[in-house]
Each structure stands twice: as C-alpha cells, then as structure tokens.
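Basis for what follows: all heavy atoms, side chains included, without hydrogens, waters or symmetry-related copies. A quick note: this is a predicted structure, and the numbers were derived from the prediction, not measured. Per chain, numbering begins at 1; letters A, B, ... match sequence-line order.
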Amino acid sequence: MTRRILVTSALPYANGPIHIGHLVEYIQTDIWVRFQKLIGNRCVYICADDTHGTAIMIRARKENRSEEDLIADMSGQHQRDFSGFHVQFDHYGSTHSEANREQCHFVWSALRKADLVVERSVDQLYDPEVGTFLADRFVRGTCPVCGREDQPGDNCVCGATYTPIELINPKSTLSGATPEVRSAVHLFVQLEKLRSLLSEWIDSSDALQKETANYLKGYFLAADKELKDWDISRPGPYFGFEIPDSPGNYWYVWFDAPIGYIGSTAQWCQAHGESLDDWWRSPETEIHHFIGKDITYFHTLFWPGMLHTAGFQLPTKVHIHGFLNVGGEKMSKSTGTLISAETYLKHADPDLLRYFYASKLTPRVEDLDLGIDEFVEKVNSDLVGKVVNLASRVGKFAGLTGLSTEYPDDGGLFERAAEAGDAIAAAYEATDYSRATRLIMELADAANPYVEHAKPWEMKKDPQRLDELRDVVTVALNLFRQLAIYLAPVLPSLADKCAALLGDPLTSWDQSKSPLLGTPVQKFKRMMERLQPEDIQKMIEESKQAADADAAAEALPSFNDSDQPLKDEPLAEEITIEDFAKVDLRVARVVAAEQVPEANKLLKLTLSLGGEERRQVFAGIKAAYEPEQLVGRLVVMVANLKPRKMRFGLSEGMVTAAGPGGAEVFILGIDEGAQPGQRVH
RNA sequence: GGGCCAGUAGCUCAGUUGGUUAGAGCAGACGACUCAUAAUCGUUUUGUCGCGGGUUCAAGUCCUGCCUGGCCUACCA
C-alpha cells in the first residue's frame, strides 16, 4: 500500500550560512525522503527559511538594507548550499510569505476561539539606543549571585539562573547601551489547558523516541507542575507579522516558524494543484518532522497544541537528532571546525559527508562525532575500496562484453543480497542508517572475493573464454548495482553514475531484486575520488581564516561615516609628486606649550626636530587642547613654511590638524617609533 | 541536585526475547595477486565484555550498588 507522507526539516534561520552541523539534519531527512520515494511511497519534503525576529531586524539595519532584501539573499544562499549537498526539497518557502501569514491568522483565530490566549504585562529590558526590547541573549552583565562579570542574560557559569532584569550593570549587546526596564503587554497561550491532550499524545501516539517521551513526562508534564503559559508576542519594532487583534504587537518568531511548515506546504499545493487538507488534515497522511534536540519542546508541546487547536493532524513522528561534534569537541569558529557548507564543497565531495553521517546516525537522540581521520578512513575504505572498486575492477572488460542474457551462477551472492533488501529497508525506515550502511557493507565485503576468485584478467587473455568473462562481468556489475540501489538514498550521484554505466535508470528499490541482463555497458568512468586528509585540513584552515576575518571586522566600530566633510570642502586640484615634495613635513615633539593670554585662538608651541633644533609655532588650537595635554606629544609639522611674523612673535612653521575649527580640531599624531626630525614622505 | 544514555579488541561499533570456544570493519603482522583509484584476496595477533555483589543449570545480555564519560534540566535562533 502506498503511504502518503509529508516530511519537514527544521527551518534554518536566515541569520547565517548553512554549516556542517545543520547538514546532519538535512542529510538525515533527505536520505529518509529519498528512501520513501524509492520504495514507492508518495512523499513530499517541505522546508523554508525562518526569517523573523529581532536578530534579522538588527542585522538588516547594520547592513543598511531592508529585511526583505537580507532574507532573500540568505534564502538564495541556503538553497544553493542544500542543493550542493544533494538535499532535494519538493518545496522551499519562507516564513515571510503571504501563504504563511494566512496560516498564522488561521491558527491564531482558532487559539482565540478556544479561549487559550491571555494578556499580561511583562517587565523587560529595553535598549533606548536601538529602540527595541531585548531578548535574554542580547543582554550581558554581572551575575547577581556570584558577581562574575560579562555573563549572559539568563544564566551564569556559576550555575545560577535569573532574569536579565536581575543582572547587575546590564549592557545591551546590540549597542552597548545600558538598558532600562520597561513594561509592555504580551500575549500568552495557556498550555496547561491542553495538558490532557499533550499527555495522551506523548503516551500513546508513538510519535516520540522513548527517551524524549520520558523526558517530557518527567519534566514538563509532571503531576505537581503546571505547564507555563507561552509568551508568543513581542512588542514592535519587530520583524514579523503584526497580530491582527493586537496592534503594535507581533507574533514571536517561534509562533510563525512551525506554522511555516504549513504555509510552505500551501505554496507547494498551490503550485501542484493539491489540496492542503489532504496533507495536513487527513488521517491518511503521515506527518514527519526532523529536528535537533535543542528545539524539542517547541515541537513536542507548543506545536501539537497549536495543531490540535487549529484542527490539523498531529505529527505522526518527531525524529530528534543530537548535535555534531568535530574531533570530539564542540564545533567552534576559532578552531575552524565550524565549517560552512560552502567551504566544504570547495574541497570535497558532498556524498562523502552524506555517507559518513549515514554511517553514524541512529534513531536515538545522540550527538555524533566527526573524527577527521575516521572520516577519511571510513569513506575511502568503504566507498572507494569496496563499493566503487567493484565496478572499477571489471569496468574495462565490461565495455567489450556487455551483460549476459542469463544470470550466471554466482554461488548465491545476488540472491542473498536481494534478500537482505528487507532488513536494509527496515533500517532506513527506522532512521537507523548506521545499521543500513553496515548491512550494505557486509554485502560489499562478500562481493569482492568473488571477482578475486573468478580471475577475469586471465579470461581476458584467452579469446576462447569471452563468455566466461562476460559472466563474471555480469555478476560483478549486478552486485555493484544492488549496492548502488541500496545506497541510492545516501549517495544519489553514485546511483546516477551506475545508471549511466548500465544504461538503466535506478528508480525503484525493487530493481535490487532482479539482475539487469543482456545490455551493453558504457565506457567506465571514475565514480568517486579518494578523500585526502589535507582536504579536510584545508577546510579547517579556510574556516579559521574566515572566522578571524569576521572577528576582526566585528572588533572594528561600524564605519558609518558622513559625507558632509567632503561636501564642505571638496578635493583640491590634482598635483604631481614633485608638487607634494615641495612641502617638507617633519615629525616634531612638543617640548613646551603655553597660553598666549592676549590671543583668542592661539597656543604658543615649542617644537623639537631632534637635537638642538627648535621651532616656535603659533597654532590655532586653543579651544581644543590644553597646553599640558600637548607637551611630550609627537606632531607633524610643515617645517619649510616661510616664517611669518605675528603680533605675538615669529611663527616658524605649522602644526598639521584637521577639523572645521574651534573646539573641533584634531592634531595629526604619528605611530609609536617615529623620531623627531624624520621627514614624512 | 534531579533525569536520561553510554562504557565490548589500538580505533569505530554489532551482539535479537539470558544458552555452546564473544563478533565485524578499519588499523597491525605475514603471504598472494595485478583486473582495479598503492585498490583487492587469504591467513593471522589482541578482549578480566567499566568495577563489586546478586538471581540462574547458564549473564556481555536480568537485578542492585559504585566508578567514568556524555547529554538534558521550558522562552536561544
């Protein structure tokens, strides 16, 4: 029976590029979807960019462009990266779409009708400079419990948890300003009213891995605790959808993000003449969400509550995976292990990472580790040494012989591999890809000795033995073809290459059950390159450099320079280097500075050009500098300026400075190490 | 503090409801082959199955205590 299955991955946030950590999930999901399609189920893979929230708003401002422009840009990048890793969505939408707004309105009115929404005033920190309320992660300050400085807004390394309002000396990470406490009305969903529904769903639906169900029951749904109300609004300004019956308030990004699954499906339905109800309101349809463990509660409490209230089907299964570590450590920018999809693709084949993740993924909520040596050894040994090599070692003969018209005796290898198909399929179905790849490699391990013992290279030397040779080729390539089919969900491009070699598209799992016979074989081409440890090193190196560059850029103040000065005083006429050389600029040290009581603007400076050389200069900087500030400083002077007799004495040069005048005068300094008397070239 | 998971050969792991001398792949050693991307094939070394108790005719497998490591502990996308 054909199942109808809707599959989603979590929506990537539009505030950053896709990295190899994200890819665990998209590859996990894509493998499952490809598997479902291969065995003939009706399966649709839906995703979208998650675009709303303060972070997007702030970043758009910083980059001086509209949010729409920013998210369009990011969505393009995301889709490019996913496609680079052969992650194939049926539809990729955006939470910032009319389709999604419509669904949000619908869910919202259902929540209102069910009387689940309450209003309450909330005290929150507000950044007066940026003009926005601050989420916890946008505040840092001193821990009220242990006194450590520069701690996050909600907890401290000492283990204490608190609210940002309790922080001592809080600072906004957006502007550095000191936030003030302001109160605003927020809207809450009363989850407690949905307790029995949620309990029952968690208990009896089989939608959750056992450890997740236990965790939820023990922690959130414990008998002695109430489910807290869920704050789903944010006061403006906020990049998102305004709440229709609460002007000035916007839905919190976590309200409209999961609804984005539905909104994006609606777009797909629109484009393909499908009915949304068939996919979200039909008990005939399975709904599978793939998510990371960090967003468990959003998908297992709030989301089912919303779905149920709005009359949608509850998820059939929420598949939760752990995080990616690299070399046993958390990924980090500074060590270069937070490798972006883009960087990876410059140095290695995406299928290798797909295979490695597959070999590590189980149905459990466990973190997985990308060990660099392990990665290289695993993919080279399994994929190149075993699988591809099987085709490669008979590839040259195959062009001559083609495939036999009857399947030869292979000692039962093909049949055993065909029988293994069910167990492999069951492992894919259960998202136990580790098991699936292990079973497949057992088959590959059995196939290579066949070729070894058959000795096709001896047959090739004897024209009399062409039929025998053809039989060996037929067996080897059919065993290879089985492997390619079984691995097709993981390695789509290998399946394509196998199909091209044999002139027979791989479209169905059942093709693994009967051998391909009586057809010619195309000229063999290499199907996969070995991975070199240096390839990975290059990725890490490049990521590290990118991180350093980012950090450097971050450290700089944002350069938002006005164009006014240049307008006030346009550039002078072009000169030659000779013209410039006429001006003798010298480093000089201010050895004395004094007020000139009768002058309105002048200070009298004594400048040293080193040794005994002294110049007396009157400078118009009285309003900007105190004499004491200047003594000892190095300045740049025009040393060959014709001396000018002034009312207070002779001025023997000029100190260079910029600014419109008055108090706005800035003397040119020079970096440490320069010596008085040196010329400026 | 509480909860969950894991601890099996140098490495990554498999060991179904307890049942014969505990397995695979990789790495190592020796040998073979040359069709193949220094790939492959054969033989082969290595384990107090974290530690201590207990149940049983029989425990890596069940119970219990402990040790070690990891993860989680509601407004962070």
Side-chain angles (χ1 to χ4, degrees), chain A residues 10-16 50-56 122 124 135-138 152-155 159 161 163 186 188 191 209-220 222 225 227-232 234 252-255 257 292-298 300-302 322-323 325 328 356 359-360 362 364-369 371 373-378 380-386 388-398 434-435 437-439 441-442 444-445 447-461 469 472-473 476 524 526-531:
Chain A
L11 312 187
Y13 199 50
N15 192 28
D50 179 15
T51 59
H52 290 155
T54 312
I56 299 295
V122 172
Q124 210 182 348
D136 293 2
R137 69 204 156 90
F138 293 130
D154 56 350
N155 70 84
T161 58
T163 74
H186 282 233
F188 292 81
L191 276 174
Q209 287 126 301
K210 200 187 284 174
E211 61 263 43
T212 305
N214 285 343
Y215 150 66
L216 293 172
K217 279 191 290 191
Y219 200 77
F220 296 99
K225 274 192 230 168
L227 283 162
K228 285 188 194 169
D229 293 347
W230 183 34
D231 182 356
I232 51 96
R234 294 292 182 271
Y252 174 46
V253 57
W254 264 111
F255 178 79
K293 65 184 182 181
D294 52 331
I295 54 178
T296 297
Y297 50 78
F298 291 106
T300 55
L301 295 174
F302 308 138
F323 290 154
N325 292 321
F356 185 74
S359 78
K360 288 280 183 179
T362 71
R364 290 184 292 275
V365 187
E366 288 172 332
D367 290 354
L368 57 141
D369 187 46
D373 293 340
E374 192 193 343
F375 177 34
V376 173
E377 275 170 22
K378 182 107 189 153
N380 286 343
S381 151
D382 285 5
L383 296 181
V384 181
K386 288 177 191 170
V388 170
N389 188 240
L390 185 61
S392 177
R393 62 193 311 193
V394 296
K396 275 186 191 155
F397 314 141
S434 156
R435 181 175 175 81
T437 54
R438 209 179 330 116
L439 292 171
M441 282 314 127
E442 279 176 20
D445 279 332
N448 270 304
Y450 168 83
V451 180
E452 195 80 13
H453 297 316
K455 298 188 170 60
W457 53 94
E458 286 177 6
M459 298 170 182
K460 189 188 131 201
K461 290 174 189 154
L469 180 61
V472 173
V473 165
F524 182 80
R526 277 181 166 247
M527 293 178 168
M528 205 173 267
E529 294 305 320
R530 240 156 221 287
L531 185 61

Can you build the contact string for nucleotides 67-76 of chain B? Use B for base contact, S for sugar-phosphate-only contact, and - for no protein heavy atom under 4.0 Å.
----SSSBBB
Using a 4.0 Å heavy-atom cut-off to protein, can you give one letter per nucleotide of nucleotides 27-38 of chain B, 5' to 3': B if the base is in contact, S if only the sugar-phosphate is, - if neither?
------SSBBB-
What I'd like to find out is whether the side chain of A:Arg234 reaches to under 4.5 Å of the side chain of A:Val253, using heavy atoms alone.
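In short, these two side chains do not touch, never coming nearer than 4.5 Å.
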Counting C-beta onward and ignoring hydrogens, is there a side-chain heavy-atom pair between A:Phe524 and A:Val394 closer than 4.5 Å?
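A:Phe524 does not reach A:Val394 side chain to side chain.
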Counting the atoms with a prime plus P, OP1 and OP2 as sugar-phosphate, which does A:Gly53 contact under 4.0 Å by heavy atoms, base, sugar-phosphate, or nothing?
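No contact.
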side-chain contact (heavy atoms from CB on, under 4.5 Å) partners for A:Arg438, two or more places apart
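With sequence neighbours excluded, A:Arg438 shows a side-chain contact (heavy atoms from CB on, under 4.5 Å) to A:Ser434, A:Arg435, given in chain and number order.
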With A:Ala447 via side-chain contact (heavy atoms from CB on, under 4.5 Å) - residues at least two apart
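Testing A:Ala447 for side-chain contact (heavy atoms from CB on, under 4.5 Å), a comparison that skips the adjacent residues, returns A:Leu390, A:Leu479.
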Taking for each residue the nucleotide of RNA chain B bearing the nearest heavy atom, is the 5' side occupied by A:Lys386 or by A:Lys360?
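That would be A:Lys360.
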Nearest-nucleotide wise, let me know which of A:Ala444 and A:Asp382 is further upstream toward the 5' end of RNA chain B.
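This one resolves to A:Asp382.
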Nearest-Å distance for atom pair [atom1]/[atom2], residues [X] and [N]:
X: A:Leu383; N: B:G25; atom1: CG; atom2: P; answer: 17 Å
X: A:Glu442; N: B:G15; atom1: CD; atom2: P; answer: 11 Å
X: A:Glu366; N: B:U12; atom1: CD; atom2: P; answer: 14 Å

side-chain hydrogen bond (donor to acceptor under 3.5 Å, both in side chains) partners of A:Thr51, counting only residues at least two apart:
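Listed in chain order: A:Thr95.
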Dot-bracket for RNA chain B, please, read 5' to 3', with Watson-Crick or G-U wobble pairs under 3.5 Å on both distances, ( ) within the strand, [ ] crossing, | other strand, . unpaired.
(((((((..((((.....[...)))).(((((.......))))).....(((((..]....))))))))))))....
Under 3.5 Å, side chain of A:Asn325 to main-chain N/O of A:Asp369, donor-acceptor pair present?
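The answer is no, because no donor-acceptor pair under 3.5 Å joins these two groups.
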